[in-house]
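Every chain is numbered from 1, with letters handed out A, B, ... down the list of sequences.
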Number of protein chains: 2
Amino acid sequence: MSKNRTIIDIATALGISPSTVSRALNDHPRISNETKEKVKKLVFELDFTLNPMASSLRSNKTQTIGMIVPGISYYFHATVLTVVQNLLWKEGYQVIICQSNDSPEVEKELVNTLYASRVVGVIAATTLRTTDFSHYDILTRNQIPLVFYDRVPVNYYPAQIVKGDDYKGGFEATEHLIQLGCKSIAHISGPLTCNLYKDRYAGYIDALKKYKIPYRQDIVFFHELSMDNAVESIKKIFKMETKPDGIFTANDTSAIGALMVARELGIEVPKEFKIVGYSNDPRSSIISPGITTIDQHPDLIGQQLAITILDLIRGAETNLITEPIITPITLTIRESSKA
Amino acid sequence: MSKNRTIIDIATALGISPSTVSRALNDHPRISNETKEKVKKLVFELDFTLNPMASSLRSNKTQTIGMIVPGISYYFHATVLTVVQNLLWKEGYQVIICQSNDSPEVEKELVNTLYASRVVGVIAATTLRTTDFSHYDILTRNQIPLVFYDRVPVNYYPAQIVKGDDYKGGFEATEHLIQLGCKSIAHISGPLTCNLYKDRYAGYIDALKKYKIPYRQDIVFFHELSMDNAVESIKKIFKMETKPDGIFTANDTSAIGALMVARELGIEVPKEFKIVGYSNDPRSSIISPGITTIDQHPDLIGQQLAITILDLIRGAETNLITEPIITPITLTIRESSKA
DNA sequence: ATGAAAGCGCTAACAG
DNA sequence: CTGTTAGCGCTTTCAT
């Protein structure tokens, strides 16, 4: 194991002091350009890098940003992660990705570990069932910038929020079905404790109101958005006397479930029954008929997250938390909702 | 910002020395159980955690493992990452995930940065075009455990390898088509510089040989496995005088492409043309007809990776590199290859 | 614009 | 089994 070089090696080689080398490397203003260049040249030649542990220990600051997601492999989060990680890496930050596996207990532990690791910022999508956010207090209390995205606190919490326009998504999905002539539109929603479903549901309701379509409680479902649950609900729908002629589901898995049940029962989509999902999961474009869905543009959300956390970290003195940042959505029309 | 507690606070509160606290916390063998418990109790009560920077600086060891992947959002890698990250986290390691975006230059930079970060181990899937692996030397030269998976060095390189059984996958896919009665089987492969495609291709060849099916150069394609490339190749196939009656593609995207072209041209799958893909991408089960494919069990690969890197890290003194570890694959039969 | 000196919080010899 | 003493490599006063 070749012993690592230190700042002292650079200093002695150049006949200057370690502090000067340190300052040169950190672009300290009161160091002559001449010295800076001299130092940087040698550092480059020797392929020297500062020991990040030593820097962090001394300055009590890391270059690490924590990111908490329910799971890496969900399409939406994977895409957000990809963008965030790439952008922050370019800015010299390590991103440490943590998975809550949708467990509030694990989430709590993750926050503590991230805090103990002295991260300089945290980006988090909470679990579906997190209603108490006090385990994040340790961050806010210590002025560690915190940005929530996607699944965010429903009530006030002193952290920045970045999220897709779920209300608009719900509204446009429903309006689209109405404009296609649907008279009775079912809805599969997740639990209303989660902002995502609350907002999409609100959009659904308001679209119905706008077009004076009566709300039918018997065709609106609230449950975890798994395939099994979806299939069960859809089957109920198709057994009703007055069947709905369309459905808006709060995720694409449920929409796929709806399509499968319809196929099984010989109900023609979109002719007899129209479907709109949510998220633009890759599967929704592959299945036939393709499923109309709301694209949340996870890449845009990722970009916004990177920008936001960097702003907060760099301007940490001033309190920069603003109103929630809402990113746009796009209704993506496919065969499942053609006229 | 509440000042963080140190080991000294614990020591003075308990009337012992900081080194004893340190040793107790690190489960040093020559510390009395009594003292250990006393220390751990207080540490628990105060919610104290060691400053990882200080520990790392002093011991010149981190608790960080680097992982290099082409991209987080590829289904296969996302699944592997999920498992690896969860398992290593449980063992007290941070995983720092890096994306090469399939660029050898970026990959090189990542290795250097990980080395500079004093990671204690690296897990890597190289880019499709990495043929020179010398940028990994900095790790092996400094005895930092290195495990390649999926895309691995084709020639000898002194690092552990974990990979799916690509040869067998290629063989079984092809044999399956033959047993279904196919007389002429096309193949879409990636570049043979990459072990994945080399091995799958070798399996294809050997299955043909075993069943005495002549190799037709005009129906075997080597190119990047994108949808566009696949569509182009398949169109060529269907224009031929003697059309093949089946195809084995080295990934699922190409298989989906094949299915789409067939659908467009009114060629019935599986009746006239049978398709087998590779990877068991979620899309392959959703599309209709469902696509027969080779499941690589990314979760098993992830488990094996976690076990392997931990072994290497913990037994770093002895050189533990073994022959490549080959994980099993499973032929997953769907409608695209029914008799 | 630069240097000298102190010390971040911890672990590891070296004692005993 | 435990305490004492040195640093790990860097940044940051405080000097000049």
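Regarding B:Asp27, its CG atom lies at a distance of 14 Å from the P atom of C:dA12, rounded to whole Å. The nearest whole Å value for the distance from the CG atom in B:Asn60 to the C1' atom in C:dC10 is 13 Å. Taking atom NZ of residue B:Lys61 and atom P of nucleotide C:dG9, one finds them 24 Å apart after rounding to whole Å. The CG-P distance, from B:Asn33 to D:dT2, rounds to 10 Å in whole Å. One interatomic measurement links the two molecules: NZ of B:Lys38 to P of D:dT2, which rounds to 8 Å at whole-angstrom precision. As a whole-Å value, the separation of A:Ile10 CD1 from D:dC10 P is 9 Å. Rounding to whole angstrom units, CD1 of residue B:Ile8 and P of C:dT11 are separated by 12 Å. The distance from atom CZ of A:Arg30 to atom P of D:dT11 is 16 Å, rounded to the nearest whole Å.
Ranked by how close their nearest DNA chain D nucleotide is to the 5' end, B:Leu57 and B:Ser32 are led by B:Ser32.
Not a single donor-acceptor contact under 3.5 angstrom links the side-chain atoms of B:Arg58 to the base of D:dG9. Residue side chain B:Ser19 reaches the base of D:dT4 through a donor-acceptor N/O pair under 3.5 Å, judged by distance alone. For C:dA1, its base never sits under 3.5 Å from the side chain of A:Thr20 at any donor and acceptor pair.
B:Ser59 has no side-chain polar atom (N or O) that falls below the 4.0 Å cut-off from OP1 or OP2 of C:dC10. Here B:Ser56 does not reach the OP1 or OP2 of D:dC8: none of its side-chain N or O atoms lies under 4.0 Å away. OP1 or OP2 of C:dT11 lies within a sub-4.0 Å distance of a side-chain N or O belonging to B:Asn26. Checking the phosphate oxygens (OP1, OP2) of D:dT11, a side-chain nitrogen or oxygen of A:Ser55 falls inside 4.0 Å. Dashed line: the shortest gap from a side-chain N or O of B:Ser22 to OP1 or OP2 of C:dT11 is under 4.0 Å.
Residues B:Glu91 and B:Arg314 are paired through a salt bridge, judged by an N-O separation under 4.0 Å between the basic side chain and the carboxylate.
Side-chain proximity of A:Arg23 to C:dA4, C:dT11, D:dC10: nearest is C:dA4. Of the candidate nucleotides C:dT11, D:dC10, D:dT4, C:dT11 has the atom lying nearest to any side-chain atom of B:Ile7.
In summary, the aromatic rings of B:His135 and B:Tyr115 are positioned with their centroids too far apart to meet the 6.0 Å limit.
If you check the side chains of A:Ser100 and A:Ser103, you find no donor sitting under 3.5 Å from an acceptor. A donor-acceptor contact closer than 3.5 angstrom links the side chains of B:Thr130 and B:Glu107. If you check the side chains of A:Asp150 and A:Tyr74, you find no donor sitting under 3.5 Å from an acceptor.
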